[in-house]
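Note sheet for the following structure.
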Amino acid sequence: MTATALDPKTALVVIDLQKGVASRSTVPHPAGEVVTQTVALADAFRAASLPVVLVRVSFAADGADTPPGRTDAGRGMAATPRPAGWDEIVDELAGHPKDVVVTKRNWGAFHGTELDVILRRRGITQIVLTGVATSIGVESTARAAHEHGYHVTLATDAMADMSAESHEHSIRVIFPRLGETATTAEILELLAKTHA
């Protein structure tokens with residue numbers, strides 16, 4: 001389904017488009033494509049004087065601030081050594097002084113961060129989500145945004161996952177319950193109408 005509207009106070013929230021994540025192999029869209037689509041959205045949001053929030057995941061070198069708890073899958077990326085700079089925002093999106101950068105230590109961008117306060121202080125009522133991975137950081141953030149009362153729009157061609165099955169499940173089953181889905185082009189068209 002195509003998104004029906006963008007509120008006048010909408011923010012773009014970009015999940016984990018950082019060097020260590022964007023270098024991974026993703027489906028159905030290569031990470032480079034996700035970055036390109038997100039850059040188009042970020043440029044349009046900035047031109048409309050709307051906030052761009054760049055969310056990155058990072059952990060202390062000793063892993064002390066990684067989420068606790070036992071899982072069948074282990075602790076994943078949080079427990080593996082990371083090269084220097086892996087948590088830096090990709091160059092294509094970095095360097096815009098009015099953008100907000102939020103560092104998270106969990107899958108979702110709301111828990112344990114100042115994201116909700118940042119959005120509310122700016123009067124934001126809706127977010128557009130992009131990033132990697134669809135079924136992890138993006139979905140977790142979409143769930144929390146919905147629970148916090150934000151309208152949620154998901155840019156389906158500006159997100160990707162490491163698993164095609166997981167990506168498809170989020171797009172087809174989960175996201176229609178949390179918000180509206182649209183392509184980058186459709187969101188840009190709505191943005192142009194809202195901020196003509």
- Interatomic distance, OG@Ser170 vs CG@Leu178, rounded to 0.5 Å, equals 9.0 Å
- Message: Checking the side chain of Arg122 only, and the main-chain atoms of Ile118 only, is there a donor and an acceptor separated by less than 3.5 Å?
- Response: yes
- Query: Same cluster or not: are Val138 and Val100 linked, directly or through other Ile, Leu, Val, Met, Phe, Trp or Tyr residues, by side-chain heavy atoms under 4.5 angstrom apart?
  - Reply: yes
Which donor-acceptor pairs under 3.5 Å do the side chains of residues 187-196 make with protein atoms, sequence neighbours left out?
residue : atom : partner : partner atom : Å
Thr194  : OG1  : Leu6    : O            : 3.4
Thr194  : OG1  : Leu190  : O            : 2.9
His195  : NE2  : Pro8    : O            : 3.3

- Task: Please check if the side chain of Thr134 supplies one atom and the backbone of Ala160 the other of a donor-acceptor pair under 3.5 Å.
- Result: yes
- Message: For Ala145 versus Val152, what's the shortest heavy-atom pair and its separation?
- Response: CB-CG2, 3.7 Å
- Query: Which heavy atom of His29 sits nearest a heavy atom of Thr156, and at what distance?
  - Reply: NE2-O, 3.4 Å
- Message: Below 30° counts as parallel, above 60° as perpendicular, anything between as tilted: where do the rings of His148 and Phe110 land?
- Response: parallel
- Message: For Glu147, is there an ion pair with Arg143 - N to carboxylate O distance below 4.0 angstrom?
- Response: no
- What's the shortest heavy-atom distance between Met159 and Leu154, and which atoms? CE-CB, 3.9 Å
- Message: Test of understanding: clusters of I, L, V, M, F, W, Y form through side-chain heavy atoms closer than 4.5 Å, transitively. Do Val173 and Phe175 belong to the same one?
- Response: yes
- Task: Rounded to the nearest 0.5 Å, what's the gap from NZ on Lys9 to CD1 on Ile124? Could you check?
- Result: 6.0 Å
- Message: Looking at Gln126 and Ala5, would you say the former's side chain and the latter's main chain have a donor-acceptor pair under 3.5 Å?
- Response: yes
- When clusters are formed by joining ILVMFWY residues with side-chain heavy atoms under 4.5 Å apart, either directly or through shared neighbours, do Val128 and Val52 land in the same one? yes
- Hey, does the side chain of Glu168 reach the backbone of Glu165 with a donor-acceptor pair shorter than 3.5 angstrom? no
- Task: Answer yes if Leu17 and Ile136 sit in the same cluster of Ile, Leu, Val, Met, Phe, Trp and Tyr residues linked by side chain heavy atoms under 4.5 Å apart, and no otherwise.
- Result: no
- Query: Checking Asp161 side chain against Ser163 main chain: does a donor-acceptor pair fall under 3.5 Å?
  - Reply: yes
- Is the shortest distance from a Lys or Arg side-chain nitrogen in Lys19 or Asp91 to a carboxylate oxygen in the other one below 4.0 Å? yes
- Verdict with reasoning, Leu50 to Arg46, per side-chain contact (heavy atoms from CB on, under 4.5 Å): CA-CA 6 Å; Leu50 293 173; Arg46 292 179 194 120; over 6 Å; no
- Any side-chain heavy-atom pair from Ser25 and Met162 closer than 4.5 angstrom? no
- Task: Ignoring hydrogens and angles, tell me if any N or O in the side chain of Thr26 forms a donor-acceptor pair with the backbone of Ala31 under 3.5 Å.
- Result: yes
- Query: Do the side chains of Leu12 and Thr130 get nearer than 4.5 Å, heavy atoms only?
  - Reply: yes
- Query: Got a donor-acceptor contact below 3.5 angstrom from the Asp87 side chain to the Val57 backbone?
  - Reply: no
- Rounded to the nearest 0.5 Å, the OG1 atom of Thr181 sits from the CG atom of Leu129 at a distance of 12.5 Å
- Message: Show the nearest heavy-atom pair for residues Ser58 and Arg105, with the distance to one decimal.
- Response: O-NH1, 2.8 Å
- CD1-CG distance between Ile127 and Leu119, expressed to the nearest 0.5 angstrom: 7.0 Å
- Item | Donor on one side chain, acceptor on other, Asp7 and Thr125, under 3.5 Å | yes
- Item | Side-chain donor or acceptor of Glu92 paired with backbone N/O of Thr36 under 3.5 Å | no
- Is there a path of hydrophobic side-chain contacts, each under 4.5 Å between heavy atoms of I, L, V, M, F, W or Y residues, that connects Val35 with Val102? no
- Note on the structure: Residues Ala155 and Thr184: closest non-hydrogen pair is CB-OG1, 4.5 Å
- Query: Applying the side chain to side chain contact (heavy atoms under 4.5 Å, CB included) test to Ile15, which of Thr38, Val55, Leu54 qualifies?
  - Reply: Val55
- Item | Closest non-hydrogen atom pair between Tyr150 and Arg120, with its separation | OH-CG, 3.2 Å
- Check the pair Ile174, His169 against side-chain contact (heavy atoms from CB on, under 4.5 Å), reporting the backbone distance first and the verdict last. CA-CA 7 Å; Ile174 304 300; His169 184 265; 3.8 Å; yes
- Counting distance only, does the side-chain N/O of Arg56 pair as donor-acceptor with the main-chain N or O of Glu88 below 3.5 Å? no
- Message: With no hydrogens and no angle check, just 3.5 Å: does a side-chain donor-acceptor pair link Gln37 and Asp157?
- Response: yes
- Would you please say whether a donor-acceptor pair under 3.5 Å links the side chains of Glu180 and Thr4? yes
